[in-house]
A.B. asks: 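Before I ask anything, here is the structure I am working with.
Below, each value reflects all heavy atoms present in this structure, side chains not excepted, and no hydrogens, waters or symmetry copies. Model, not experiment: these values are computed from the prediction.
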There are 4 protein chains.
Amino acid sequence: MALVRDSAHSENFGSKRRQILDAAYIVFSRKGFHRTTIDEIIAIADTGKGTVYNYFVNKEQLFYTLTQEISQPFEADLERAVTADTEPLDKLRRLVTLILSFYTKHGDLWRVLMHEMRGFGNDGYSHISAEMRDKYHSFFKRTIGSIEQVLTEGIATGVIRPCDTVVTAHGMFSVIAMMAFQKYVGEDAEAAAERVTETFFYGIVNK
Amino acid sequence: MALVRDSAHSENFGSKRRQILDAAYIVFSRKGFHRTTIDEIIAIADTGKGTVYNYFVNKEQLFYTLTQEISQPFEADLERAVTADTEPLDKLRRLVTLILSFYTKHGDLWRVLMHEMRGFGNDGYSHISAEMRDKYHSFFKRTIGSIEQVLTEGIATGVIRPCDTVVTAHGMFSVIAMMAFQKYVGEDAEAAAERVTETFFYGIVNK
Amino acid sequence: MALVRDSAHSENFGSKRRQILDAAYIVFSRKGFHRTTIDEIIAIADTGKGTVYNYFVNKEQLFYTLTQEISQPFEADLERAVTADTEPLDKLRRLVTLILSFYTKHGDLWRVLMHEMRGFGNDGYSHISAEMRDKYHSFFKRTIGSIEQVLTEGIATGVIRPCDTVVTAHGMFSVIAMMAFQKYVGEDAEAAAERVTETFFYGIVNK
Amino acid sequence: MALVRDSAHSENFGSKRRQILDAAYIVFSRKGFHRTTIDEIIAIADTGKGTVYNYFVNKEQLFYTLTQEISQPFEADLERAVTADTEPLDKLRRLVTLILSFYTKHGDLWRVLMHEMRGFGNDGYSHISAEMRDKYHSFFKRTIGSIEQVLTEGIATGVIRPCDTVVTAHGMFSVIAMMAFQKYVGEDAEAAAERVTETFFYGIVNK
DNA sequence: TATGAATGAGAGTTCATTCAT
DNA sequence: CATGAATGAACTCTCATTCAT
């Protein structure tokens with residue numbers, strides 16, 4: 001269960017680090033940040049306690065690294081979708097599919113992330129935490145921002161009715177996230193995405 | 001700061017209990033379940049630590065009681081709205097306003113609730129926790145169910161286009177919750193509710 | 001083994017705190033700061049681990065409190081000796097006796113203090129440590145300063161031969177400390193003090 | 001920075017060992033025994049962690065080896081001074097100069113040694129530690145013993161007033177150590193030594 | 001020989017919970 | 001009822017030491 005990619009180098013390069021990240025993914029997803037213990041992670045990762053601290057400075061940074069690693073390819077995909085040479089409505093469909101797939105796959109972990117985000121760096125915490133929180137914030141801003149951008153583009157070309165793009169983007173995002181969290185999305189993410197976009201595009205009222 | 005209603009009994013009856021609940025509301029909302037300490041609650045409540053355990057069996061049950069107390073009048077309101085003798089679309093508007101107001105007021109606490117819900121009673125936890133989790137689940141089910149019910153009613157009377165009511169109800173709920181969480185709702189909840197319903201009713205695509 | 005004074009209030013007032021301080025005195029004296037564990041302290045103090053942290057914010061501050069408690073009456077004694085209305089040479093004898101008694105009684109702990117002093121607050125440590133270190137430094141400065149002051153006084157009145165009072169005071173202090181550390185001082189501190197002063201007097205007194 | 005002497009063998013023989021000892025000297029002097037980590041030593045020594053354990057069985061023995069290596073030439077010097085064919089008072093001057101120079105140069109490390117000495121082999125520690133502690137004790141005994149021996153010799157030849165040679169030797173030693181620790185000794189160790197001896201001589205020399 | 005990834009015993013600290021007053 | 005001193009299970013993190021390469 002290498003979440004991002006298998007190391008192409010040697011068979012064992014970074015193997016322990018990989019095992020720890022994979023185990024952390026499982027436990028954080030299942031239990032949330034606070035209920036997760038290092039002991040449980042190492043039991044699954046089959047490593048010693050100290051090994052965790054060879055690779056990550058602390059539990060928070062392990063969590064942070066994990067989410068960074070997962071989000072990076074996703075953000076690249078988003079970027080590509082937004083700058084693609086296609087119709088705004090098609091871009092929107094593509095974005096929704098991407099986001100829906102991402103949150104369907106990593107919903108449990110991301111739910112935790114979205115919750116803990118608020119806690120990090122709030123009090124007299126280390127500044128590393130404050131940094132993390134900022135990075136997390138900008139992650140969500142970028143995701144929603146990409147929707148917003150395409151909405152704006154659609155309004156400019158006239159295919160989308162003028163509206164508050166900020167609020168609408170947030171609305172679309174929240175519906176997508178909800179669908180993923182509620183496990184409404186089965187095998188076919190594309191079909192589910194279609195339902196979301198249809199609802200938003202055309203509304204629910206009979207005309 | 002009695003959140004729900006003042007005890008109708010005597011001036012002092014349950015006063016300590018009230019103080020604890022009010023303090024718990026503040027701290028849980030601000031810090032989440034795990035970061036909240038009993039010490040912080042009693043500091044604000046101006047009570048002793050033992051007093052908390054006179055009224056509540058443990059931290060979880062204090063949290064549970066708090067959320068129950070807040071949700072009950074809200075659920076009564078929902079019930080009344082659904083069974084009212086009005087048009088489905090008006091009912092829907094009324095529901096959206098109610099839910100939006102509720103989450104605007106208690107969003108911080110409810111965000112915590114929605115997160116911790118998943119943790120309660122997951123492992124070898126006490127069965128009291130499992131009970132709580134079930135009650136929490138049914139709370140959300142009832143809220144969303146009320147939307148669903150009105151959608152079904154609207155489809156039956158023909159004012160709403162046939163759709164998957166379960167998914168659509170969840171969608172509407174998630175948009176409402178998002179707007180509240182994101183603090184997009186200012187003074188005028190009614191106006192904000194209007195925007196949500198408009199979007200859902202008529203979609204975003206220019207026709 | 002209440003080191004400073006028994007609480008005059010109630011039989012049990014501060015009893016646990018007292019037990020912890022007494023136990024800490026024993027273990028710190030025997031093992032030094034780092035080799036001392038909280039577990040060992042509570043085993044002797046017959047308390048729970050958490051109790052220690054009810055009274056002291058951490059191990060360092062426990063150590064600090066302990067040394068403060070012990071040094072305060074001593075410093076008061078020094079002050080009284082310096083400002084007494086007696087001959088400089090008698091003052092010096094009195095000072096030497098006081099210091100010798102103190103270091104004979106608390107030599108093991110003070111040896112630890114003198115060593116750890118250098119470590120506290122050196123790196124990225126909490127500022128509480130830096131504060132402590134400063135207090136510790138000033139403690140030694142005051143002790144040696146009191147000797148210095150009397151030397152200066154003696155030089156002014158002509159009974160002591162002009163000399164570098166700073167160095168001489170340090171010298172006297174170190175000999176006293178050494179005698180105490182080496183357990184050369186038996187029952188009769190006064191007699192031992194006499195030996196120290198005699199040696200120094202015949203070197204520094206005008207003839 | 002070969003502290004004692006360069007290996008006379010080949011350019012590279014023991015080079016790693018040398019680097020480790022030199023680095024250990026720096027860190028132990030600065031931080032004391034417990035606060036020193038192997039990681040910090042190897043960072044300065046530019047070696048791997050395992051290499052340390054190729055040359056030294058553990059941290060304690062590394063410390064021990066370091067101090068042994070430094071003390072040996074010093075002890076040889078002392079021996080030579082004591083058995084030299086000179087006047088007792090000149091011998092004493094020579095001894096004081098030697099000791100003062102040594103503690104001025106290696107004061108920081110020796111301060112650590114003098115502190116940790118008591119901790120080694122106290123409890124259920126390995127017998128290697130107990131051995132070390134004994135060797136450390138005998139080191140100080142030899143240093144002070146050399147002073148004592150010359151004092152006795154001086155008393156026999158009548159140039160020194162009869163006194164408790166054990167206590168006096170300790171006294172002289174402690175003043176010397178103090179001067180070094182307090183960094184009172186500048187460039188000219190000889191001059192500083194003179195001050196010490198003068199003070200003592202005028203107290204202990206027959207007139 | 002040199003290395004450094006892996007390890008786990010052990011330490012300090014937190015905090016929900018209990019119970020005697 | 002109200003209290004808060006006492007408690008210890010649980011948790012994060014450190015670091016000396018090992019050992020396969």
A.B. asks: Atom CD1 of B:I20 and atom P of F:dA2: how far apart are they, to the nearest Å?
C.D. replies: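 Answer to the nearest Å: 8 Å.
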A.B. asks: Hey, does the side chain of C:K59 reach the backbone of C:F33 with a donor-acceptor pair shorter than 3.5 angstrom?
C.D. replies: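 Yes: the side chain of C:K59 pairs with the backbone of C:F33.
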A.B. asks: Using whole Å, what does the distance between atom P of nucleotide F:dT12 and atom NZ of A:K31 come to?
C.D. replies: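 Spelled out: NZ on A:K31 to P on F:dT12 is 11 Å.
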A.B. asks: Any carboxylate oxygen within less than 4.0 angstrom of a Lys/Arg side-chain nitrogen, looking at B:E60 and B:R133?
C.D. replies: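 Between B:R133 and B:E60 there is no salt bridge, as every charged N stays at least 4.0 Å from the carboxylate O atoms.
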A.B. asks: Stem list for DNA chain E, please, built from Watson-Crick and G-U wobble pairs under 3.5 Å and keeping only runs of at least 3.
C.D. replies: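 The stems are E:2-21 with F:2-21.
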A.B. asks: Report the residue (D:D46 or A:D46) whose heavy-atom-nearest nucleotide on DNA chain E is the more 5′ of the two.
C.D. replies: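 Counting from the 5' end, the first nearest nucleotide belongs to D:D46.
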A.B. asks: Please give, in whole Å, the distance from F:dC1 P to B:F56 CZ?
C.D. replies: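 Going from B:F56 (CZ) to F:dC1 (P), I get 13 Å.
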A.B. asks: For D:E40 and F:dT14, give me the distance from atom CD to atom P, rounded to whole Å.
C.D. replies: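 My rounded result for the distance is 14 Å.
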A.B. asks: Filter on side-chain hydrogen bond (donor to acceptor under 3.5 Å, both in side chains), then keep only pairs touching residues 44-53 of chain B, sequence neighbours left out; what's left?
C.D. replies: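 Non-adjacent pairs meeting side-chain hydrogen bond (donor to acceptor under 3.5 Å, both in side chains): B:D39-B:K49.
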A.B. asks: May I ask you to decide if A:D108's main-chain N or O and A:S29's side chain share a donor-acceptor pair within less than 3.5 Å?
C.D. replies: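 Answer holds: no.
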A.B. asks: Polar-atom pairs under 3.5 Å, protein N or O versus N or O of nucleotides 8-11 of chain E: list them with distances, or write none.
C.D. replies:
residue, atom, partner, partner atom, Å
E:dG8, N7, A:G50, N, 3.1
E:dG8, O6, A:G50, N, 3.2

A.B. asks: For F:dA6, does the base pair up with any side-chain atom of C:N54 as donor and acceptor (N or O, under 3.5 Å, distance only)?
C.D. replies: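 It does, because a donor-acceptor pair links the side chain of C:N54 to the base of F:dA6 below 3.5 Å.
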A.B. asks: Strictly under 6.0 Å, is that where the ring centroids of B:Y136 and B:Y64 end up?
C.D. replies: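 Between B:Y64 and B:Y136, which both carry aromatic rings, the centre distance is below 6.0 Å.
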A.B. asks: If I take atom CD in residue C:Q19 and atom P in nucleotide F:dA5, what distance separates them, rounded to the nearest angstrom?
C.D. replies: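 It is 15 Å, rounded to the nearest whole Å.
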A.B. asks: Take C:Y53 and A:V52, find for each the nucleotide of DNA chain E with the closest heavy atom, and name the residue whose nucleotide sits nearer the 5' end.
C.D. replies: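 The answer here is A:V52.
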A.B. asks: Just how far is it from atom CD of A:E116 to atom NE2 of A:H34, taken to the nearest 0.5 Å?
C.D. replies: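 So the CD of A:E116 and the NE2 of A:H34 are separated by 5.5 Å.
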A.B. asks: Just wondering, do A:F63 and A:V112 contact through their side chains at under 4.5 Å, heavy atoms?
C.D. replies: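 Yes, their side chains come closer than 4.5 Å.
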A.B. asks: To the nearest angstrom, how far is A:E60 atom CD from F:dC13 atom C1'?
C.D. replies: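 After rounding, the gap between these two atoms is 14 Å.
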A.B. asks: Evaluate the side-chain proximity of B:L62 to B:I41: yes if any heavy-atom separation is below 4.5 Å, no if none is.
C.D. replies: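 Answer yes - side chains close enough.
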A.B. asks: Could you tell me the separation between the CD1 atom of D:I42 and the P atom of F:dC15, rounded to a whole number of Å?
C.D. replies: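 Those two atoms, CD1 and P, are 13 Å apart.
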A.B. asks: Once you round it to whole Å, what is the distance between C1' of F:dC11 and CD1 of A:I41?
C.D. replies: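 Rounded to the whole Å, the gap is 12 Å.
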A.B. asks: Answer yes or no: is there a side-chain heavy-atom contact under 4.5 Å between C:Q19 and C:I44?
C.D. replies: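 Side-chain contact under 4.5 Å: no.
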A.B. asks: Please determine whether a side-chain nitrogen or oxygen atom of A:Y55 lies at a distance below 4.0 Å from atom OP1 or OP2 of E:dA6.
C.D. replies: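 For E:dA6, OP1/OP2 do have a side-chain N/O of A:Y55 under 4.0 Å.
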